[in-house]
Visitor: 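Shown below is the structure under consideration.
The first residue of the sequence shown is numbered 1, and numbering continues consecutively from there. Below, all heavy atoms of this structure are taken into account, side chains as well, without hydrogens, waters or symmetry copies.
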Amino acid sequence: MARHLITSALPYINGIKHLGNMVGSMLPADVYSRYLRQRGHEVLYICATDEHGTPAELAAKEQGLPVDEFCAQAHDAQKAVYDGFALAFDYFGRSSSAENREITQHFARRLNENGFIEERSIRQVYSPVDGRFLPDRYVEGTCPHCGYDKARGDQCENCTRVLDPTDLINPRSAISGSTELEIRETKHLFLLQSKLENEVREWVSQHDKEWPQLASSIAHKWLTEGLHDRAITRDLDWGVPVPADTWPELAAEGKVFYVWFDAPIEYIGATKEWADQDPSTRDWKSWWYDVDTDVRYTEFMAKDNVPFHTVMFPATELGVREPWKKVDYVKAFNWLTYYGGKFSTSQKRGVFTDQALAILPADYWRYFLIANAPESDDSSFTWEHFTATVNKDLADTLGNFVNRVLSFSKKRFGEEVPAGGEPGEAEAKLGGQIAELLAEYESHMDTLQFRKAAAALRALWSAGNSYLEEKAPWLEIKTDKDGAALTLRTAMNLIHLYAVVSEPFIPATAKTMREAFALTDDTATWVTAEEAKALVSVPAGTPFTVPPVLFAKLTDEDLETYKERFGGATAE
């Protein structure tokens with residue numbers, strides 16, 4: 001089986017993330033990782049908190065904490081939420097780690113040796129009130145492109161254009177709010193992306209036929225506009241320091257690397273963190289160094305992160321002139337909106353992941369988000385849509401099927417799977433249908449088409465309900481007890497099949513369904529086509545229990561409560 005390296009966009013350390021962030025990176029990466037593991041592949045799913053940069057310093061200052069202490073607490077808080085969502089990372093690291101510092105400095109030295117880093121004097125924003133140079137995110141103002149009045153000095157959150165602080169209209173300090181800003185001269189390191197543009201263009205073109213259109217088009221848009229040399233150092237107290245053995249003057253001034261230089265390197269750094277926990281059995285370089293034909297590397301991210309991972313980081317890797325693994329497939333997502341408006345961490349708009357878990361178990365959210373993932377276009381979260389999906393797909397289609405099959409069988413045949421007669425035409429028809437739908441589900445999962453995969457999974461669940469309605473064991477038992485027993489035994493085998501194949505989407509529920517049967521040797525990780533057709537994995541005589549209601553239906557009162565708490569529409 002292939003070895004699969006999977007990463008998702010690093011969640012920034014500043015605050016708990018919203019549902020849009022979850023569905024745009026970490027959750028689909030988890031679903032895909034779980035699926036691949038079940039199919040027998042070797043998988044390494046790596047993620048980490050992105051801890052450097054201006055917002056971390058500002059948030060720490062606001063809370064009155066040293067920045068390293070703030071980041072440690074925030075990392076633990078985020079990890080707790082991701083555990084609550086059952087994200088099965090192989091390792092969830094921190095970009096402030098010693099491993100990331102070591103590898104980032106190595107990359108910088110190699111780029112310098114190869115002529116791709118240059119020290120330049122630049123004119124930078126200085127705030128006399130704050131007594132310091134202001135890094136790009138410490139400067140706020142109006143975007144010259146779209147007029148958004150809360151744009152940062154590195155990027156406009158509204159139109160996603162990359163900016164320099166001097167581009168902003170009416171700039172102000174993010175620390176003090178002072179508009180009395182000056183432009184002074186200072187020195188910084190620049191990554192000479194212009195010298196690498198043709199190599200990056202050729203590398204991106206090699207992936208045009210495989211990458212989704214969203215990822216490919218964004219990469220080519222940046223390349224069409226041309227790659228510019230960009231400063232990769234900042235005047236901050238928190239970050240990967242410029243190594244003194246290479247740039248002693250800048251190191252003495254306390255320069256650190258720009259967060260967008262060190263953050264992608266943290267994918268490698270976090271893998272080394274993982275390996276350093278057990279160096280006798282884990283080899284981080286076997287995933288990252290000189291492994292192009294051995295490892296398939298898939299990245300998951302929302303569209304605002306695509307340029308950095310399809311252009312800027314590949315430029316860095318190419319310039320190092322070492323055989324570091326580059327991404328094979330970029331799964332890019334559009335926005336999940338909240339009633340048509342953007343989720344926003346900074347403006348507290350929408351549902352945040354900790355709030356979601358406080359309302360309902362993770363599987364409700366996991367299924368809804370993946371079933372409505374913003375793949376081909378933006379998709380909108382509304383409470384009406386969420387409630388309807390939970391009730392129709394989870395409660396009525398899956399939950400009700402499980403409950404009525406097990407409850408009815410227990411009532412009429414006791415607490416063991418009934419034997420009944422031999423499978424007939426209806427069971428043969430069902431088996432063929434299940435095998436066909438399973439193949440469709442697998443095909444969509446293999447090609448990372450999550451909405452289509454969710455639809456195929458829903459169709460699998462629906463097939464069981466259709467079979468049950470056709471056979472009607474509650475009527476069948478009156479005239480053919482063995483026939484009714486066969487129907488229920490077949491349905492129980494469907495429940496077990498659903499437990500296995502639904503695990504990537506709803507792992508906690510899948511575990512509950514599977515544990516309903518006291519099988520002595522239940523080691524199945526997936527279901528073959530032959531097993532799907534036969535439906536005999538749970539033999540007659542197997543003890544079973546009726547689990548609690550898998551998914552509670554949401555009421556009109558629930559809907560109104562949620563809308564009142566979070567708002568039924570987004571305010572601009």
Side-chain angles (χ1 to χ4, degrees), residues 9-17 21 47-82 91-105 107-108 124-127 129-140 150 152-155 157 165 172-178 186 188-189 231-244 247 250-267 269-270 272-273 305 308 345-346 348 352 354:
L10 307 185
Y12 194 70
I13 195 65
N14 189 16
I16 300 298
K17 304 308 162 192
N21 181 279
C47 194
T49 40
D50 179 5
E51 299 189 7
H52 294 139
T54 309
E57 288 193 357
L58 293 176
K61 180 181 178 183
E62 185 177 327
Q63 293 191 19
L65 293 172
V67 66
D68 58 344
E69 185 177 335
F70 165 79
C71 287
Q73 292 180 8
H75 169 86
D76 290 346
Q78 287 200 26
K79 181 61 165 59
V81 172
Y82 304 143
Y91 190 76
F92 186 71
R94 302 179 60 187
S95 68
S96 60
S97 69
E99 288 87 348
N100 191 42
R101 180 170 63 250
E102 173 191 339
I103 298 171
T104 296
Q105 291 179 340
F107 269 49
Q124 188 175 338
V125 176
Y126 184 87
S127 171
V129 171
D130 299 308
R132 63 181 293 174
F133 284 101
L134 299 180
D136 40 19
R137 286 199 177 198
Y138 276 62
V139 186
E140 297 177 343
K150 296 182 180 64
R152 303 186 308 255
D154 66 334
Q155 188 175 24
E157 184 185 44
R172 60 187 179 274
S173 166
I175 302 173
S176 63
S178 173
T186 186
H188 280 288
L189 298 180
I232 58 168
T233 52
R234 294 292 187 270
D235 294 282
L236 291 170
D237 297 325
W238 176 245
V240 174
V242 169
W247 296 281
L250 297 186
E253 293 175 2
K255 307 285 186 184
V256 301
F257 286 108
Y258 176 39
V259 63
W260 263 112
F261 182 73
D262 84 85
I265 297 172
E266 168 58 8
Y267 294 129
K272 190 173 189 301
E273 294 170 51
N305 284 324
F308 301 100
T345 301
S346 60
K348 306 296 183 186
F352 288 73
D354 57 343

Visitor: Does some side-chain heavy atom of Glu157 sit less than 4.5 Å from a side-chain heavy atom of Lys150?
Guide: no

Visitor: Check whether any side-chain heavy atom of Lys61 sits under 4.5 Å from a side-chain heavy atom of Phe70, and report yes or no.
Guide: no

Visitor: Is the shortest heavy-atom distance from the side chain of Asp262 to the side chain of Phe107 under 4.5 Å?
Guide: no

Visitor: Are Arg132 and Asp130 close enough for a salt bridge, meaning some N to O gap below 4.0 Å?
Guide: no

Visitor: With Thr233, which of Lys255, Glu253, His188 fulfils side-chain hydrogen bond (donor to acceptor under 3.5 Å, both in side chains)?
Guide: His188

Visitor: Any side-chain heavy atom of Glu273 sitting closer than 4.5 Å to one from Glu266?
Guide: yes

Visitor: Are Tyr138 and Leu236 side-chain neighbours, meaning at least one heavy-atom pair lies under 4.5 Å?
Guide: yes

Visitor: Test your reading of the model: is there a side-chain donor-acceptor pair from Glu57 to the backbone of Asp237, 3.5 Å cut-off?
Guide: yes

Visitor: Using side chain to side chain donor-acceptor pair (under 3.5 Å) as the criterion, list what pairs up with Tyr258, not counting sequence neighbours.
Guide: none

Visitor: Looking at side-chain heavy atoms only, is the closest gap between Val129 and Ile175 below 4.5 Å?
Guide: no

Visitor: In terms of relative ring orientation, are Trp238 and His52 parallel, tilted or perpendicular, with 30° and 60° separating the classes?
Guide: perpendicular

Visitor: Determine, step by step, whether Val139 and Arg172 satisfy the side-chain contact (heavy atoms from CB on, under 4.5 Å) criterion, reporting the C-alpha distance in whole Å, the side-chain angles of both residues, the deciding distance to 0.1 Å, and the verdict.
Guide: CA-CA 6 Å; Val139 186; Arg172 60 187 179 274; over 6 Å; no

Visitor: Do the charged groups of Arg152 and Asp136 touch, with an N to O distance under 4.0 Å?
Guide: no

Visitor: Parallel under 30°, tilted from 30 to 60°, perpendicular over 60°: which one fits the rings of Phe308 and Trp260?
Guide: parallel

Visitor: Looking only at side-chain N and O atoms, does Thr49 offer a donor or acceptor that is under 3.5 Å from a partner on Gln78?
Guide: no

